[in-house]
Each structure stands twice: as C-alpha cells, then as structure tokens.
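Because only heavy atoms are used, hydrogens play no part in the values below, and waters and symmetry mates are left out as well, while side chains stay in. Chain letters run A, B, ... following the sequence lines, proteins first and then strands; every chain starts at 1.
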Number of protein chains: 2
Amino acid sequence: MTTKETILESALKLFSSKGFEGTSVREIAADAGVNVAMINYYFGSKEKLFESVVEYRALVLKGLFSDLVNNPSLSYIEKIDIIIDKTIERKLSNSKFHHIMHRELSLEHRPQLRDAISDILLKNMDPVKQIIKNGIKDGEFREVDIELTISTILGTIHYLLTSDIMCRKILGKKEGFNPFNNKPFIKRLSEHTKQLMRSHLLKNKK
Amino acid sequence: MTTKETILESALKLFSSKGFEGTSVREIAADAGVNVAMINYYFGSKEKLFESVVEYRALVLKGLFSDLVNNPSLSYIEKIDIIIDKTIERKLSNSKFHHIMHRELSLEHRPQLRDAISDILLKNMDPVKQIIKNGIKDGEFREVDIELTISTILGTIHYLLTSDIMCRKILGKKEGFNPFNNKPFIKRLSEHTKQLMRSHLLKNKK
DNA sequence: AGTTTAATTAAACATTTGTTTAGTTTTAAA
DNA sequence: TTTAAAACTAAACAAATGTTTAATTAAACT
C-alpha cells in the first residue's frame, strides 16, 4: 500500500469513529505511521484529505441497479428483494464510509460537500424509482407513494445499521452483540424488510 | 431568560449545526452575548455544557405513549396512527436536539454519553412494543417482527427528517423547499407511514 | 557516474483551542 | 450602610491545532 493510500485508510477509520473536527491530522499521521507533513504534501489540507476520502470510497458505491430495470426474467417484487439485499450488503461492507457521509449530511457547514454526499448516497435512487413505477403501471404493485416507499427501505436499514448501541437496545441484546457481523440478525432484517414490502406493494396478497 | 439558559440555547443551536468539536466555546459565548468565562463558571467545562444541553432538552421528550397502552376506546391500529403522528410531531419540534443526539450516537468516543442518549431516544420503545404485542395476541395484527416494525416507523421518519438536503433530493424538490415546515409534506409522510403500517400489520385487509 | 525530481523528516509557525486567574461590578442580606 | 456572596469581565495560560519551512534521504533519469 502506498503512503497516500495508508493515509486515506487511517483517515477513513478515524473520521468515521471520531468525526472530522474530532480527529487531528497528527492522529491520522500516527495511525498511518507517516510524518504529519505528508498529509499536506499529498492532499494539501485536512479538508481536502476529507474530500479525497469521500472520492476514494465513493467509487465503490457505483450504480448497482441500473441493469435491474430492464431485466425481463424477474418479477417486480423479486427486483425489490434484490435491491433490499444489495442495500444491506453494501451498507455492511462500507459501514465506516456510511457513518462519515450521514454525519456530514447532518452538519450545516461545508454545504458543497453535503451536496456531493447526498448525490453519492442517492446514486441508485432513479433505477429503484423506475422499477416501482413500472410495477405499478403493469398492475403488480399498488399505487403507493414511490419516493416515500424508497425512504422506508433505506430508513429501516439505515436506522438499525448506523448505531450498534441503538440496535442492541432495540433488539434487547446484551453488550457482546454486534449487529454488523451477526448473520442471523442480518437475515432477520432482510426478511422483515422484504415481507414489509410485499405487504405494502403487492396488489393480490393472500 | 437567565444567562445560563441563554448559553444553553446558543449551545443547542451551534452544536446542532456544527457538531460538538466543530463549535468553540467562544462562538457559543459570542452567540449568547456573554463572556467566555461564563461557560466554565456555570457549567465547569465544554463537555459538561454538552451534557447539560442533553439533560436540558431530554426533559421535553418524556414518555408519551405509556397511557396509550391501556386505552380501551381505541383499536390497535388507531394507536399506531397516534404513535406515528406524535413521533413526527416530536421530531419536528425538537429537530435540533435530534440532530445532536443522532450524530453523537454515530461517534465512538464519549461512550457513557452514547448510552444515555440511546436511552432517551428509546424512552417510548416499551409501550409501543406492548401495543403491537397486544394487537397480535388479540388477532388484529399479524405476527410481525415487533422490534423491526418499530425500527421501520422510526427509520422512515428519521431518514426523511434528518437532512433537509437529502429529503429535497429524494422528493425531487427545488432549493427553496424546506421539509421541516412544509405542511403538505408532513401530511404526506404521515399518510404514507400509516398506510404502510396498515398493510403490514392488519390481518383482514380489503 | 552525476543530476534532477520525488519522498520524507524534524522543527518551527501562527492560530485557535478550552480553561483559569485576578479583579471588578452587581446583588442581596445583615 | 456595611458586608458577603454572586455575577461578570478582560487578560493570560498552556496545550493543541493545521500548516509551512528548510533540510535530508531515496528514486529515477541522463
């Protein structure tokens, strides 16, 4: 790993757990095992380092669902199932990055960064919207509020996978329980969300 | 308003918009129009000021739903409707405080504060749980995943009411749109969530 | 080889940080 | 009115902050 990448990884970790202002460049340098000056040498400033972390990680959140829209071999509800699983999966494997982005969203300084971040987070919005819209048009889905239905999917997953301590308390679990690598819980979350969407979306339910 | 309260109000405002580390005591003092030393005089330290803000505002988030559990004149789904509306209402009238609490939850330092905050946020968890449980027992509700159903309600509302910019983009609204004081949108959110819960919870739907 | 460019270092820089001090004004009680 | 406590102020404090400098080492090129 190059020096630049080492710094990016340490910055990702520390920004995620302590926030931007809560993390000093010296901490990042120490964690990465490099000289403090290297941060400004490679990135120019702490703020630009932060933006680089966002860019660096935004790449892995590329559009996932665009090819799903025109896939004729799946029913609409099956597409929703896939969207749910992929969303959970993606959030789990990028939990630190999601932490950073959602925290930044709730802060009011650095408005241009907020804008960039919301774009990244909603990169998959349009294909999902299209799938639900088509599902309604073809009579498989009820005439639901499309945007808010997507918010429910994202909100349910986000709410539980953002704060381990919150998740633990909601579920009534003990200290040792870690939602992020607990397979039964992930399965449970997936099943609940899918079932929820079946009841909500499908017209002819039995 | 006393000096102490003025400081608390300014701290609430600034912590909410810029975060704990992102806000300096001098900014707070300036905003409150008092001398910097007053903060340490009244609160001891910046950290204790933060805890005081949490205490100060936690009072207004008292248990809302405990009397709802044993109310016999309402059906279970009507109780859920009330819970949804009260949750939205409470979040709107304390949006700054919710900002602070959810941000703090996602940070990993100050663990004892995280614990206190999650307790505050979940103060109403038990009565809601009880209502759904009774609804299932009495045959009005299906056998849903109770904890995750609550997470869906909270998650949907939280996801949309946390970041104005995100909300705007999800809904495809212009710059000027502010979800926090847009009545039609609040109504829309309320209706969606209620409808969602009807489909999800009710056994004999038509 | 020598030379230029890049990478890295330790130290210093100027600000800003939270906090404290010592003194002053205001308030309230005796 | 005198006295004591509370409220408030301006200044100073030490520590930490992001950033830059100047010097040194390593790499790459001619």
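At a threshold of 4.5 Å between non-hydrogen side-chain atoms, the residues B/Ile146 and B/Ile136 count as touching. Counting only heavy atoms from C-beta outward, the side chains of A/Arg90 and A/Leu61 approach each other to under 4.5 Å. Between B/Leu121 and B/Leu105 the shortest side-chain heavy-atom distance falls below 4.5 Å.
B/Glu191 has no carboxylate O lying under 4.0 Å from a charged side-chain N of B/Arg198, or vice versa, which leaves the two without a salt bridge.
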Next item on the list: Starting from the C-alpha separation in whole Å, work towards a yes-or-no answer on side chain to side chain contact (heavy atoms under 4.5 Å, CB included) for B/Phe180 and B/Ile186.
Entry: CA-CA 8 Å; B/Phe180 292 99; B/Ile186 300 304; over 6 Å; no
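When the ring pair (Phe, Tyr, Trp, His ring centres under 6.0 Å) test is applied to B/Tyr56, no partner is found at least two apart in sequence or on another chain.
In the 5' to 3' direction, nucleotides of DNA chain D lying under 4.0 Å from heavy atoms of chain A begin and end at D/dT17 to D/dT20.
Two rings, from A/Tyr159 and B/Tyr159, have their centers 6.0 Å or more apart.
Nucleic acid contact class of A/Thr2 (heavy atoms, under 4.0 Å, all strands): none.
Listed in residue order, the members of residues 27-46 of chain B having a heavy atom less than 4.0 Å from DNA chain D are B/Asn35, B/Ala37, B/Met38, B/Tyr41, B/Tyr42.
As rounded to whole Å, 15 Å separates atom C1' of C/dT17 from atom CG of B/Leu49.
Here the shortest heavy-atom pairing between B/Ala11 and B/Leu49 reads CB-CD2, 4.0 Å.
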